[in-house]
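Taking it in order: structure first as structure tokens, then the write-up.
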Amino acid sequence: MDQLSFIPEELVRTLQQGKDVANPDTRCSSSTLEMLRLLASLDVPRELLACMLEMAEFSMHHVRYLAGPLVLHRSLWGDATPGWLKVACVQDRFELILSEYEQEQVGDYATPTEVLAYYDACNDGSTDASKLC
């Protein structure tokens with residue numbers, strides 16, 4: 001199965017050649033993770049953040065999750081989802097990925113912000129719970 005790759009193979013090889021071969025620990029330093037957090041908080045495009053994760057050799061599952069689309073329900077109210085909520089979804093995805101990276105795990109769930117965005121987009125303004133998604 002081919003992996004999704006945002007970075008050309010030649011560039012990845014060049015970056016990997018520059019690594020210390022004698023050092024088996026290739027995990028990012030805490031300062032690098034903090035720099036990535038700062039970039040995510042500045043509303044950097046998620047595709048750029050995904051490229052950075054790929055260069056840092058994060059799991060491809062994490063790269064795909066970050067670069068993937070937000071799932072929003074199509075409804076008459078779907079366009080009313082505020083832009084800040086979409087930005088918050090990407091930032092929360094990034095935080096979740098960094099948290100999982102630090103714990104050396106890969107999860108398979110959405111962030112609470114993504115659930116809120118989906119709920120907000122599918123809510124047709126009704127207060128009747130049976131009419132909600």
Side-chain angles (χ1 to χ4, degrees):
M1 177 176 170
D2 290 337
Q3 297 241 348
L4 173 67
S5 179
F6 291 107
I7 303 171
E9 188 79 27
E10 302 81 38
L11 180 58
V12 172
R13 274 195 296 270
T14 302
L15 291 170
Q16 288 174 339
Q17 288 173 355
K19 287 188 176 183
D20 182 7
V21 180
N23 184 4
D25 184 19
T26 59
R27 299 191 50 80
C28 291
S29 68
S30 59
S31 61
T32 301
L33 295 177
E34 286 306 312
M35 296 270 275
L36 290 171
R37 278 190 176 93
L38 176 62
L39 282 172
S41 72
L42 296 174
D43 192 19
V44 172
R46 68 176 182 242
E47 295 82 5
L48 177 60
L49 291 173
C51 287
M52 291 178 177
L53 291 183
E54 187 176 353
M55 287 189 326
E57 297 183 354
F58 274 61
S59 161
M60 286 310 292
H61 298 287
H62 285 144
V63 174
R64 289 177 181 153
Y65 176 51
L66 183 62
L70 295 175
V71 178
L72 299 175
H73 189 275
R74 292 184 186 229
S75 73
L76 297 175
W77 288 81
D79 292 337
T81 302
W84 65 264
L85 185 55
K86 294 175 184 177
V87 171
C89 286
V90 173
Q91 290 172 346
D92 283 359
R93 276 185 182 185
F94 198 75
E95 281 297 321
L96 177 65
I97 289 168
L98 292 182
S99 173
E100 289 179 355
Y101 178 79
E102 290 169 344
Q103 298 171 17
E104 298 184 16
Q105 67 180 15
V106 176
D108 58 355
Y109 49 88
T111 65
T113 310
E114 287 179 270
V115 174
L116 175 64
Y118 183 83
Y119 171 78
D120 182 57
C122 71
N123 183 0
D124 66 358
S126 171
T127 56
D128 182 0
S130 66
K131 293 183 180 178
L132 298 178
C133 337

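Given the structure is predicted, the values throughout are model-derived calculations rather than measurements. When a residue number appears, it is its place in the shown sequence, counting from 1.
- Scanning for side-chain hydrogen bond (donor to acceptor under 3.5 Å, both in side chains) contacts around Gln91 gives an empty result, with sequence neighbours left out.
- Across all their heavy atoms, Ala117 and Leu85 have their closest contact at CA-CD2, 3.6 Å.
- Remark: Arg46 CZ to Tyr65 OH distance equals 11.0 Å, nearest 0.5 Å.
- Residues Met60 and Ile97 fall within the same hydrophobic cluster, defined by Ile, Leu, Val, Met, Phe, Trp and Tyr side chains chained together at heavy-atom separations under 4.5 Å.
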- request: Run the numbers on Phe58 and Leu66 for side chain to side chain contact (heavy atoms under 4.5 Å, CB included), then give the verdict.
  value: CA-CA 11 Å; Phe58 274 61; Leu66 183 62; over 6 Å; no

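- For Glu102, the side chain to side chain contact (heavy atoms under 4.5 Å, CB included) partners are Leu33, Arg37, not counting sequence neighbours.
- Residues that satisfy the side-chain hydrogen bond (donor to acceptor under 3.5 Å, both in side chains) test with Ser99, not counting sequence neighbours, are Gln103.
- Taken from CE in Met52 to CG in Leu36, the straight-line distance is 7.0 Å, to the nearest 0.5 Å.
- In terms of heavy-atom proximity, Leu96 sits nearest to Thr111 at CD2-CG2, 3.9 Å.
- Residues forming a side chain to side chain contact (heavy atoms under 4.5 Å, CB included) with Ser59 (at least two apart in sequence, or on another chain): His61, His62, Val106.
- Rounding to the nearest 0.5 Å places SG of Cys28 at 10.0 Å from CE of Met55.
- Linking ILVMFWY side-chain heavy atoms closer than 4.5 Å, directly or via other members, places Leu39 and Tyr101 in a single hydrophobic cluster.
- Not counting sequence neighbours, the partners of Ala40 by the side chain to side chain contact (heavy atoms under 4.5 Å, CB included) test are Leu49, Phe94.
- Every residue two or more places apart in sequence or in another chain that forms a side-chain hydrogen bond (donor to acceptor under 3.5 Å, both in side chains) with Thr32 is listed here: Ser29.
- If you chain together hydrophobic residues whose side chains sit under 4.5 Å apart, Leu48 and Leu53 fall into the same group.
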